[in-house]
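Everything below concerns the one structure shown next.
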Amino acid sequence: TANLTLEPLGAIYFPHIASNSVWATEVGIINPSATETVTGTLRPFGDSGTAVSSALPVTLAPHGRRQITISQGFTNPDTIGSLLFESDSSSVKGYTKFYRSGLYRAAIPAAAKLNSGDIFLTHVTSDPSWWTGVSVLNTTSQAKQVSFEFNDGTTITRSLAANEHQKFLVSALFNGQTPAGIASAVIKNASGVIGLELFSSANQLEGIPLTDDTASTLYYPYVPTDPSWWAGMVAYNPSATACLLTITGYLASGTEEAPVTRTLNGTQKLSALTGAL
């Protein structure tokens with residue numbers, strides 16, 4: 001039986017699929033090669049990690065792209081919890097787009113590598129006008145006990161069976177109401193676990209992958225200046241010690257603005273509108 005522990009040369013994961021009467025999901029697969037054709041198979045799995053629909057063969061010409069709406073590409077789309085694309089190329093890229101027609105949509109990169117350490121839940125909102133959703137997928141053949149260590153010191157443990165996919169609101173970890181002050185978390189014992197988070201308010205939706213990556217330099221490639229738009233930025237310090245952030249803005253021409261600085265204590269998050277900086 002097909003399972004999620006397969007890791008061929010060109011495996012990319014789509015760790016969360018929502019295709020039902022409320023949500024729709026589209027996945028995209030891109031071949032960045034200018035010369036090579038990519039052949040592969042897109043495999044659907046249920047939340048338990050077992051195959052729930054027929055696999056879909058995919059062929060991508062050089063620089064080719066294939067987009068698939070889950071409800072149109074697979075039978076029983078509401079039973080699909082995740083997808084695995086296996087191919088003969090290690091350079092394939094992908095994305096998942098979640099949307100509710102006429103309301104909002106958000107796109108998140110597919111996972112091209114498995115996490116090997118702690119995962120950072122860098123942005124959680126406890127504002128009652130927002131919700132934060134988490135999706136985690138155990139790609140290993142062993143059960144795991146993962147711990148969510150929140151910034152206020154609260155620790156909540158969840159069990160993940162082998163190959164299991166789970167999705168839940170952060171508020172569900174707190175009996176339906178996220179306590180004030182909850183802003184971020186570290187997911188421990190997460191080797192082999194991948195996932196994403198979504199956050200939404202009214203007609204706004206955004207999301208990010210859950211990874212173990214850290215960096216000393218971050219790029220925010222687009223900041224709108226149209227007064228009808230707003231842009232928020234988040235920066236999270238996963239270290240136990242404080243760090244100094246230097247934030248430099250650039251005009252569209254590339255002209256550098258005067259930098260501003262902020263100090264982030266250990267495990268602290270900066271969340272701000274770019275205009276406020």
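All residue numbers in this chain count up from 1 along the given sequence.
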Heavy-atom closest pair, residues [X] and [Y]:
X	Y	answer
Val193	Lys144	CG2-CD, 3.8 Å
Gly73	Ile68	CA-CG2, 4.0 Å
Val234	Ser271	CG2-OG, 4.0 Å
Asn76	Thr79	O-OG1, 2.7 Å
Phe74	Ser53	CB-OG, 3.9 Å
Lys269	Ala183	NZ-O, 2.9 Å

Check whether the side chains of [X] and [Y] place a donor and an acceptor atom closer than 3.5 Å, and report yes or no.
X	Y	value
Thr255	Ser253	yes
Thr125	Asp127	no
Ser184	Thr122	no
Asn151	Thr267	no

Indicate yes or no: at least one non-hydrogen side-chain atom of [X] is less than 4.5 angstrom from one of [Y].
X	Y	answer
Asp88	Val38	yes
Lys93	Ile12	no
Phe199	Val124	no
Asp213	Lys113	yes
Leu173	Phe168	yes
Asp78	Ile80	no
Leu218	Tyr220	yes

- Could you go step by step and tell me if Asn203 and Leu103 meet the side-chain contact (heavy atoms from CB on, under 4.5 Å) rule? CA-CA 5 Å; Asn203 61 347; Leu103 186 60; 3.8 Å; yes
- Message: Less than 6.0 angstrom separating the ring centers of Phe174 and Phe150, yes or no?
- Response: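 Ring centres of Phe150 and Phe174 closer than 6.0 Å.
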Determine yes or no for a side-chain-to-main-chain donor-acceptor pair under 3.5 angstrom, with [X] supplying the side chain and [Y] the backbone.
X	Y	answer
Ser147	Ile156	no
Asn138	Ala143	no
Asp212	Asn115	no
Tyr104	Ser201	no
Thr69	Ser71	no

- Any chance you could lay out the side-chain hydrogen bond (donor to acceptor under 3.5 Å, both in side chains) test for Ser135 and His165, step after step, and finish with the verdict? CA-CA 7 Å; Ser135 173; His165 168 249; 2.8 Å; yes
- Query: Ile182, Ile119: one ILVMFWY side-chain cluster at the under-4.5 Å cut-off?
  - Reply: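 Hydrophobic grouping puts Ile182 with Ile119.
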- Should the ring pair Phe98 and His16 be called parallel, tilted or perpendicular, given that the plane angle runs from 0 to 90° and is split at 30 and 60?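 Tilted.
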- Message: What verdict does the side-chain contact (heavy atoms from CB on, under 4.5 Å) test give for Leu210 and Val136, after you've listed the backbone C-alpha separation in whole Å, the side-chain angles of each residue and the deciding distance to 0.1 Å?
- Response: CA-CA 8 Å; Leu210 296 180; Val136 286; 4.2 Å; yes
- salt bridge (charged side-chain N to carboxylate O under 4.0 Å, His left out) involving Lys167 - partner list, sequence neighbours excluded: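 For Lys167, the residues satisfying salt bridge (charged side-chain N to carboxylate O under 4.0 Å, His left out) (neighbours in sequence not counted) are Asp47.
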- Take Ile194 and Thr139 through the side-chain contact (heavy atoms from CB on, under 4.5 Å) test and state the conclusion after the steps. CA-CA 7 Å; Ile194 57 176; Thr139 68; 4.0 Å; yes
Please tabulate, one pair per line, all N/O donor-acceptor pairs under 3.5 Å involving side-chain atoms of residues 19-35, not counting sequence neighbours.
from, atom 1, to, atom 2, distance (Å)
Asn20, OD1, Val22, N, 2.8
Asn20, OD1, Trp23, N, 2.7
Thr25, OG1, Ala18, N, 3.0
Thr25, OG1, Ala18, O, 2.5
Glu26, OE2, Tyr95, OH, 2.7
Asn31, OD1, Ser33, N, 3.0
Asn31, ND2, Glu36, O, 2.7
Asn31, ND2, Leu60, O, 3.4
Asn31, ND2, Ala61, O, 3.1
Ser33, OG, Thr35, N, 3.1
Ser33, OG, Glu36, N, 2.9

- Task: Apply side-chain hydrogen bond (donor to acceptor under 3.5 Å, both in side chains) to the pair Gln145 and Thr157, showing each step before the final yes or no.
- Result: CA-CA 7 Å; Gln145 294 281 336; Thr157 301; 5.5 Å; no
- Kindly indicate, with the supporting measurements, whether the criterion side-chain contact (heavy atoms from CB on, under 4.5 Å) is fulfilled by Leu83 and Phe85. CA-CA 7 Å; Leu83 294 169; Phe85 181 65; over 6 Å; no
Please table the atom pairs, donor to acceptor, closer than 3.5 Å between any side-chain atom in residues 235-244 and protein atoms at least two apart or in another chain.
from, atom 1, to, atom 2, distance (Å)
Asn237, OD1, Ser239, N, 3.0
Asn237, ND2, Thr241, O, 2.8
Asn237, ND2, Leu264, O, 3.4
Asn237, ND2, Asn265, O, 3.1
Ser239, OG, Thr241, N, 3.0
Ser239, OG, Thr241, OG1, 3.0

